[in-house]
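Structure record follows, encoded as structure tokens.
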Amino acid sequence: MATPQRDELPVAGLTTGQLARLLGVSPTTLRSWDRRYGFGPASRADGRHRRWSPDDVAMAREMCRLTATGTPPAEAARTARLRARGPDGPDGPDGPDEWPPVLSDRADGAEGTAPRAGSGLPLGRVRSECRGLARAAVRLDAEEVRELLRRAVAHHGPAVAWEEVMSPALQAVGRKWQSSGERGEQGEQYVEVEHLLSWHISAALRHYYLDAARPRRAATGAPVLLSCLPGEQHTLPLDVLTAVLGDEGLAVLMLGGSVPADALIIAVRRVASLAVVLWAQTGDTADLALARRVAGARWGVRGARTQTPVLLCGPGWHQVTDAAEPPGLTYVTSLHDAVRTLTGLRPEHPSR
């Protein structure tokens, strides 16, 4: 069967639901754009049913791309219409000067005013970069996600990019997935969004550490050893810490996810590390007995062996309580707390 050509599509066109699935946005968003910005299909079949022609689809794609970069919706709609329909279209120099009445941008996710950002995700008050990232992730637009993350980390640095752009988007995906499942909807559709976003965030942070932070400020001295406990696969928080420590001029030795207990002990004994960071996302992986073993592991030449401070990071440790905490074992409650503690351990730590 021959594949339909572009010039055949206007005969039938796409319904709003079909276009919404193609772009990764909700039909409500498309109807909202039409109502607020006159941003709908050029024609309607039988005068009633909305049908999106190839030019309309191109216009909608451009609208999604622009809003993903943080362009205000009204401005994005005007630009998308002009680019899709050309200078002779209704928005060109020969067309009308005014658009159809435009309602407030606040209803479509202006910063700090609405819980959603045209992505279907409950974002709340976030930076415009976060709104754009959420839109691109929901569309599964990997290239746009990658570029937005690169800009965020380069402009804000890894700590701010994580706390104000990356993390809010990830949390919104998680909330949407959970609430959709509770209402019996197809919450699974957001699993792929979370995986895409997590992978690209990790890649952006690792790239920053390897190709940006290190050349600017050479990391010297004993490394900080980072590791997830056995069974723990959530490495993303350690990717964040790695990038931030690189900015602080500290060397990092990242072991990754689900490191076997014996391998972890061997690594601690082999490496004269500044400190060991153990990440546990849940109480099931927060093994306090193993943490004690790590804290008690000695390294160095015979007669002059020493121990390495151990930092317990992650929400899993909050579910583990023990009054008899051994020396050298420290709970940290935040990214800033971990960075402050680790930089303070550096010999001859410079004042800031």
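The analysis underlying the following values was restricted to heavy atoms, covering all of them including side chains, and did not include hydrogens, waters or symmetry mates.
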Is the shortest side-chain heavy-atom distance between [X] and [Y] below 4.5 Å?
| X | Y | result |
| --- | --- | --- |
| Met166 | Val153 | yes |
| Leu19 | Thr16 | no |
| Met59 | Arg61 | no |
| Leu197 | Leu133 | yes |
| Leu312 | Val332 | no |
| Val277 | Leu225 | no |
| Pro168 | Cys130 | yes |
| Pro309 | Thr330 | no |

Between the side chains of [X] and [Y], is a donor N or O closer than 3.5 angstrom to an acceptor N or O?
| X | Y | value |
| --- | --- | --- |
| Glu163 | His336 | yes |
| Ser167 | Gln171 | yes |
| Tyr209 | Asp247 | no |
| Ser227 | Trp279 | no |
| Glu129 | His156 | yes |

Salt bridge (charged side-chain N to carboxylate O under 4.0 Å, His left out) partners of Asp287, counting only residues at least two apart: none
According to a hydrophobic-cluster definition based on side-chain heavy atoms being under 4.5 Å apart (Ile, Leu, Val, Met, Phe, Trp, Tyr only), do [X] and [Y] belong together?
| X | Y | result |
| --- | --- | --- |
| Leu274 | Met254 | yes |
| Leu236 | Val160 | no |
| Leu278 | Leu329 | yes |
| Trp199 | Val165 | no |
| Val268 | Leu288 | yes |

Working for side-chain contact (heavy atoms from CB on, under 4.5 Å), residues Leu226 and Leu255: CA-CA 6 Å; Leu226 308 182; Leu255 298 185; over 6 Å; no
Smallest separation among heavy atoms of Leu311 and Ala338, with atom names: CD2-O, 4.2 Å
Heavy-atom closest contact (Ala261 atom, Arg293 atom, distance): CB-NH1, 4.2 Å
side-chain contact (heavy atoms from CB on, under 4.5 Å) evaluation trace for Leu229 with Val259: CA-CA 6 Å; Leu229 275 74; Val259 179; over 6 Å; no
Donor-acceptor contact present, side-chain Thr343 to main-chain Arg340, <3.5 Å: yes
Heavy-atom donor-acceptor pair, Ser273 side chain to Val276 backbone, under 3.5 Å: no
Pair Thr242-Leu205, side-chain contact (heavy atoms from CB on, under 4.5 Å): steps then yes or no: CA-CA 8 Å; Thr242 295; Leu205 291 167; over 6 Å; no
Step-by-step side-chain contact (heavy atoms from CB on, under 4.5 Å) determination, Arg206 to Thr235: CA-CA 11 Å; Arg206 295 182 188 189; Thr235 62; 3.9 Å; yes
